[in-house]
Amino acid sequence: MSRIFVQSTVPISIAFIVMTGTAAHATNGYFASGYGIKNDAVAGVGVALPQDALTIAVNPAGLTEVGHQLNIGLDIFAPERSSSIQGNAFGPNAEFNGDRTKLFYIPNVGYSHSIDPNVTLGVAVYGNGGMNTDYATNPYSRFGATGKAGVNLEQLFVSPAAAWKINEHNSVGLAVNLVYQSFKAKGIGAFSAFSQNPSHVSDNGEDTSYGAGLRLGWIGKINDYVSVGASWQTKTRMSKFDKYAGLFADSGRFDIPENYTVGFAVKPLDTLTVGFDWQRILYHDVAAVGNPFSALLQGQPLGAKTGAGFGWKDIDVYKLGAVWQATPQLTLRGGFSINQQPVPNSETFLNILAPGVVKKHLTVGASWAINPANEISASYIHAFDEKVHGSNSIPAGFPPSGFGGGNADLELQENVYGLAWSHKF
């Protein structure tokens, strides 16, 4: 057991040191579209299609299928985010570019070890998601804000897991999600006048919070050609961002939403596997994310328990992916996913800071087996350009009853490049 402990904690330590640096994702809302390079390449399909130890992030029951291996990968995330304000009483129509920070580096590590034919242990370290905007020209300057504007949200999961093969056809798994997240905001001091804690809204540097939750999973093999799976992640209760207690509802609390996934994988050919997942993310149940901005003008200040938030809706995500063993050395992958829009047209004003509006992802990837023990994998994700046009999104009137009316429009597209090394023991 000591050997297992050493082998598993080394990759955790490496990944934690690296990943507490710059990281951001804004795909299925603000959740990552995939976890690990192989999962990236099939648009995140994985609840019944485990490919490596990063299956822990999707369905820990998949550990029973991957054996003893180590996976180390890196995603290079390149978003293009922008916004505009139209028809506002406090200034002319204007467009704003949020890309002062252009590239983000997101490592991931997975490790799995079968301790007997029926029990497999593992650990995964990965970025669950995040959000970044960095505006050189402040969109809120017309309302009295100063300096450059933007936010940076990062979420790191360290997930030790165990999976059990109940019988020949069924496996279950459990992952404990130990979560670290960081946040900072700048250039949004104009909203301080609407907060119950004005000094804790903007420009307070980086703050961190911690929490824990669970992910439960099941995989059932109907026969040699068809598998089905399901997983459920509990809502992760996080400690509060004290430095931003006047921005987020409930005095700075920013929990991670509950979500669940069901899906299947079919093998029409010995060399081809096709999978489909449906995921549901419950953004509305996290007050800081789901509360509408209109609460601000209904007597609920920023930072209050029922205070204003980003107004995001729950979303469904549909994922389709395929894995083709082209030759004994070469594996090809591809996928497509589409999700519902989390940002309503009426909620675009505050979401200038968090324009997580992309809906469609096209993915490709490949693996090359250098030898029986070592493999190199690559992936590419393109999130198609998506625009959300505001509809009565900037409250009319003048402070404290409004912001001069008009609309904010949001736009986002993304490219993600991934590379990984896998070693089978």
Side-chain angles (χ1 to χ4, degrees), residues 24-27 29-30 79-102 130-153 183-195 201-203 244 246-249 254 283 288-297 302 307-313 341-359 385-396 399 402-414:
H25 257 192
T27 50
Y30 74 80
E80 298 177 19
R81 52 263 196 241
S82 61
S83 61
S84 63
I85 292 179
Q86 313 288 331
N88 182 252
F90 291 110
N93 294 349
E95 297 182 356
F96 308 95
N97 184 296
D99 292 339
R100 285 188 71 243
T101 304
K102 297 183 181 297
M131 182 68 66
N132 177 282
T133 48
D134 196 357
Y135 290 97
T137 302
N138 193 326
Y140 300 114
S141 62
R142 66 183 66 199
F143 309 109
T146 59
K148 298 176 175 61
V151 299
N152 190 60
L153 171 70
F183 177 80
K184 62 181 177 181
K186 60 184 179 183
I188 57 172
F191 292 104
S192 297
F194 300 87
S195 173
V201 171
S202 182
D203 299 286
Y244 295 95
L247 175 61
F248 293 131
F254 198 99
Y283 286 121
V289 179
N291 285 1
F293 183 73
S294 59
L296 189 68
L297 307 178
L302 289 168
F310 290 87
W312 283 25
K313 302 186 298 183
Q341 179 56 254
V343 181
N345 300 77
S346 60
E347 299 288 344
T348 55
F349 184 45
L350 191 58
N351 278 290
I352 288 173
L353 297 171
V357 299
V358 291
K359 295 169 58 178
D385 183 78
E386 187 72 27
K387 298 179 182 179
V388 174
H389 297 281
S391 177
N392 298 316
S393 60
I394 302 177
F403 290 87
N407 284 298
D409 298 336
L410 311 175
E411 184 171 3
L412 178 66
Q413 69 171 347
E414 301 165 346

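- Side-chain N or O atoms of T348 include none that pairs as donor or acceptor with a backbone N or O of S393 at under 3.5 Å.
- Checking side-chain atoms of N392 against main-chain N and O of S346 turns up no donor-acceptor pair under 3.5 Å.
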Exercise. Are F96 and T133 close enough, and set up right, to give a side chain to side chain contact (heavy atoms under 4.5 Å, CB included), and what steps lead you there?
Worked result: CA-CA 11 Å; F96 308 95; T133 48; over 6 Å; no
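- Proximity of a side-chain donor or acceptor of Y244 to a complementary backbone N or O of F183 within less than 3.5 Å is not detected.
- Side-chain atoms of N345 come within 3.5 Å of backbone N or O of H389 as a donor-acceptor pair.
- Remark: side-chain polar atoms of D203 are paired, donor with acceptor, to backbone N or O of G187 under 3.5 angstrom.
- Heavy-atom minimum distance, N138 versus G147: ND2-O, 2.9 Å.
- Taken from CD1 in I394 to CD1 in I85, the straight-line distance is 5.0 Å, to the nearest 0.5 Å.
- Expressed to the nearest 0.5 Å, how far CG of L297 lies from CZ of F403 amounts to 6.5 Å.
- Checking side-chain atoms of N152 against main-chain N and O of N132 turns up no donor-acceptor pair under 3.5 Å.
- Atom CG of N351 and atom CG of D409 lie 12.5 Å apart (nearest 0.5 Å).
- Considering every non-hydrogen atom in both P344 and G311, the closest pair reads CD-O, 3.2 Å.
- Heavy-atom contacts from other residues, nucleotides or ligands closer than 6.0 Å to NZ of K184 number 12 or fewer.
- Not less than 6.0 angstrom separates the ring centroid of F90 from the ring centroid of Y140.
- Taking 4.5 Å as the limit, some side-chain heavy atom of I188 sits within range of a side-chain heavy atom of L247.
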For this session: Please report the C-alpha distance between V357 and Q341 in whole Å, then the side-chain angles of each, then the deciding distance to 0.1 Å, and finally whether the side chain to side chain contact (heavy atoms under 4.5 Å, CB included) criterion is met.
Result: CA-CA 6 Å; V357 299; Q341 179 56 254; 3.6 Å; yes
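- Partner of Y283 under the ring pair (Phe, Tyr, Trp, His ring centres under 6.0 Å) criterion, chosen from F310, F254, Y30: Y30.
- The shortest heavy-atom contact between I352 and A408 is CD1-CB, 3.9 Å.
- Checked against the 6.0 Å centroid threshold, F349 and F143 count as a close aromatic pair.
- Side chain of N407 to main chain of Q86: no donor-acceptor pair is present (N/O by atom type, distance under 3.5 Å, no hydrogens or angles).
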For this session: Evaluate the side chain to side chain contact (heavy atoms under 4.5 Å, CB included) criterion for residues L296 and L302: first the C-alpha distance (whole Å), next the side-chain angles of each, then the deciding distance (0.1 Å), finally the verdict.
Result: CA-CA 7 Å; L296 189 68; L302 289 168; 3.8 Å; yes
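- Minimum interatomic distance between A249 and N291 (heavy atoms only, all atoms of both residues): CB-ND2, 4.0 Å.
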For this session: Take E414 and T27, measure what side chain to side chain contact (heavy atoms under 4.5 Å, CB included) needs, and give me the verdict at the end.
Result: CA-CA 8 Å; E414 301 165 346; T27 50; 2.9 Å; yes
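- A donor-acceptor pair under 3.5 Å links the side-chain atoms of N88 to the main chain of G405, judged by distance alone.
- E411 places no side-chain N or O within 3.5 Å of a backbone atom of D385 that could act as its donor or acceptor partner.
- Partner of D134 under the side-chain hydrogen bond (donor to acceptor under 3.5 Å, both in side chains) criterion, chosen from K148, K186, R81: K186.
- Note: L412 CG to E80 CD = 9.0 Å, rounded to the nearest 0.5 Å.
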Problem set entry | Step-by-step side-chain hydrogen bond (donor to acceptor under 3.5 Å, both in side chains) determination, S82 to N97 | CA-CA 5 Å; S82 61; N97 184 296; over 6 Å; no
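- The shortest non-hydrogen separation linking P342 to G356 is CG-O, 3.5 Å.
- Residue S195 comes nearest to G246 through the heavy atom pair OG-O, 2.7 Å, listed as atom of the first residue, atom of the second, then distance.
- For R142 (side chain) and A89 (main-chain N/O), no donor-acceptor pair under 3.5 Å exists by modelled atom type.
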